[in-house]
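Everything on this sheet refers to the single structure shown next.
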2 protein chains.
Amino acid sequence: MTSTGSDAPRARGSYAKGIARRQEILDRAIEVFAERGARRTSLRAIAEEVGVTHAALTHYFGSLDELLVAVYRESERRGDENPVAPPDTTPGESMRIAAQENRAVPGMVQLYSTLVASALEDDRPAAQEFAASRFARLRAEMAERVRELQDAGRLRGDVEPELAAALVIAASDGLQTQWLLDPTVDHEAALAMLDRLLAPPAD
Amino acid sequence: MTSTGSDAPRARGSYAKGIARRQEILDRAIEVFAERGARRTSLRAIAEEVGVTHAALTHYFGSLDELLVAVYRESERRGDENPVAPPDTTPGESMRIAAQENRAVPGMVQLYSTLVASALEDDRPAAQEFAASRFARLRAEMAERVRELQDAGRLRGDVEPELAAALVIAASDGLQTQWLLDPTVDHEAALAMLDRLLAPPAD
């Protein structure tokens, strides 16, 4: 952002107004997604539903992927006000709690899977950055949890924390997909099984 | 298909010709996907690349999802000529072999993740039928493998075969996604860890 001395206050004023307008559009977009799910569609169609011009949406969010990422992050931020799993929660159980929170917001699970699938395609930098950084952060947090549980003797000492973290996160994502397609797949029971497999031998 | 007596031979001839033409388009579509990946695009854009009219593509495949499913199934059918994992292969190892085969065909992994993400949206019956039936078949096959390994004393007896099957398939899908976004995630080592966790206690 470039500005000369006399323009600075006005620029800051416009900037603050821009932030407020962006937030307003984002709030409305979250409502729209909660109502309609994350059905793949054009930025133009979303702009219409949100009630802004296509140009405004492009100005504030750049691309469809960037809008979807903003919607997901904002919904997740709001969800963060929920109580978090205590640090001694087992890996599978903590993923179960996180999945349950996501499912409470309509359209969030579909939005997440759409973003991750987009991230695997070429030329989708916003989706790719979102998914890669999200998995990296989740793995780091989960590996730390695994280490703490190992130190406390509550998780097998012979598993590598980073690998176990990737495995638990992968299992949770994949189980959620299978469950959405077939509700007889017991996401929670399968994660509980993984927790049991990761528990130290009884002796 | 309705036909009167005298039209029957011609109708059968047209039908055979239609089948051949559909296969021809499918072959060309597979080449196009191998070159370009499964980037989300319109049926019209694919028709252009395949070199047929949009009307022809709609006639032979109905919708974009149906074309994508046909491309995936045909690629998979060709891959089936590869040697299969012997029945006593451990669950994680058999998923590793299957994933390796899929990765050998360019664009297949992206196509798969796109179809599964589409299946989670409303009003995508072709993608939904594909993903739901594929997971159901994979789970049944994997549960059978788990039971056989349990009978042979090569897998813990205290895990429920259907749940273990869902878990292994979920882990493999999720790990593949993480690996595609970050090649330092060791898909194979994490599946090997899951095999070790599922192995009977040493005593």
Side-chain angles (χ1 to χ4, degrees), chain A residues 36-40 109-110 112-124 128 131-136 138-139 156 158-160 162-182 184-187 189-194 196-198 201-203, chain B residues 36-40 109-110 112-124 128 131-136 138-139 156 158-160 162-182 184-187 189-194 196-198 201-203:
Chain A
R36 67 197 290 284
R39 274 200 299 283
R40 212 159 293 141
V109 174
Q110 285 84 347
Y112 173 72
S113 71
T114 297
L115 280 169
V116 171
S118 301
L120 302 185
E121 299 179 12
D122 299 332
D123 306 323
R124 305 288 290 264
Q128 209 163 339
S133 66
R134 186 173 184 279
F135 280 121
L138 279 181
R139 278 194 303 264
R156 295 171 67 126
D158 63 350
V159 299
E160 211 272 299
E162 270 75 22
L163 271 188
L167 178 65
V168 171
I169 294 161
S172 178
D173 278 9
L175 285 165
Q176 173 147 289
T177 301
Q178 291 184 48
W179 169 78
L180 283 166
L181 289 164
D182 178 353
T184 69
V185 174
D186 198 335
H187 177 259
L191 284 179
M193 174 190 279
L194 184 52
R196 267 200 330 273
L197 296 176
L198 286 167
D203 59 346
Chain B
R36 66 193 292 284
R39 273 199 300 283
R40 209 160 294 141
V109 174
Q110 285 84 346
Y112 173 71
S113 71
T114 296
L115 281 169
V116 171
S118 300
L120 302 184
E121 298 180 14
D122 300 332
D123 305 322
R124 306 288 289 266
Q128 209 161 339
S133 66
R134 185 173 185 280
F135 280 122
L138 279 181
R139 277 194 303 265
R156 296 171 66 126
D158 62 350
V159 299
E160 211 272 299
E162 270 75 21
L163 272 188
L167 178 65
V168 171
I169 294 161
S172 179
D173 277 9
L175 285 165
Q176 174 147 290
T177 301
Q178 290 184 48
W179 169 78
L180 282 166
L181 289 164
D182 179 353
T184 67
V185 175
D186 198 334
H187 177 260
L191 283 179
M193 175 190 281
L194 184 53
R196 267 201 329 275
L197 296 175
L198 286 167
D203 59 343

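Quick note on labels: first sequence line is chain A, next is B, and so on, each numbered from 1.
Taking every heavy atom of both residues into account, A/A131 and B/L181 meet most closely at CB-CD1, 3.6 Å.
When the candidates A/S172, A/A171, A/A132, A/A119 are compared by the number of heavy-atom contacts under 4.5 Å with chain B, A/A171 comes out ahead. Most heavy-atom pairs under 4.5 Å with chain B, from the set A/V168, A/T184, A/D186, A/T177: that is A/T177. Between chain B and the options A/L191, A/V116, A/L167, the largest number of non-hydrogen pairs under 4.5 Å is found for A/L167. Comparing A/G174, A/A189, A/A166, A/A170 by heavy-atom pairs within less than 4.5 Å of chain B, the highest count is held by A/A170.
Using a 4.5 Å cut-off between heavy atoms, B/L115 does not touch chain A at all. When heavy atoms are compared at a cutoff of 4.5 Å, B/E160 approaches chain A by way of both its backbone and its side chain. Interface remark: A/A136 contributes no atoms to any contact with chain B (heavy atom separation under 4.5 Å).
With contacts defined as side-chain heavy-atom distances shorter than 4.5 Å, the pair A/F135/B/V185 does not qualify. Two residues are said to be in side-chain contact when any heavy atoms from C-beta on lie closer than 4.5 Å; B/L194 and A/L194 meet this criterion.
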Given the rule in the side-chain contact (heavy atoms from CB on, under 4.5 Å) test, do B/D173 and A/Q178 qualify, once you have shown the distances and angles that lead to the verdict?
-> CA-CA 11 Å; B/D173 277 9; A/Q178 291 184 48; 5.7 Å; no
Using the side-chain contact (heavy atoms from CB on, under 4.5 Å) rule, take A/R196 and B/D158 through it: C-alpha gap first, then chi angles, then the decisive distance, then the call.
-> CA-CA 10 Å; A/R196 267 200 330 273; B/D158 62 350; 5.5 Å; no
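B/S113 places a side-chain N or O within donor-acceptor distance of the main-chain N or O of B/Q110, the cut-off being under 3.5 Å.
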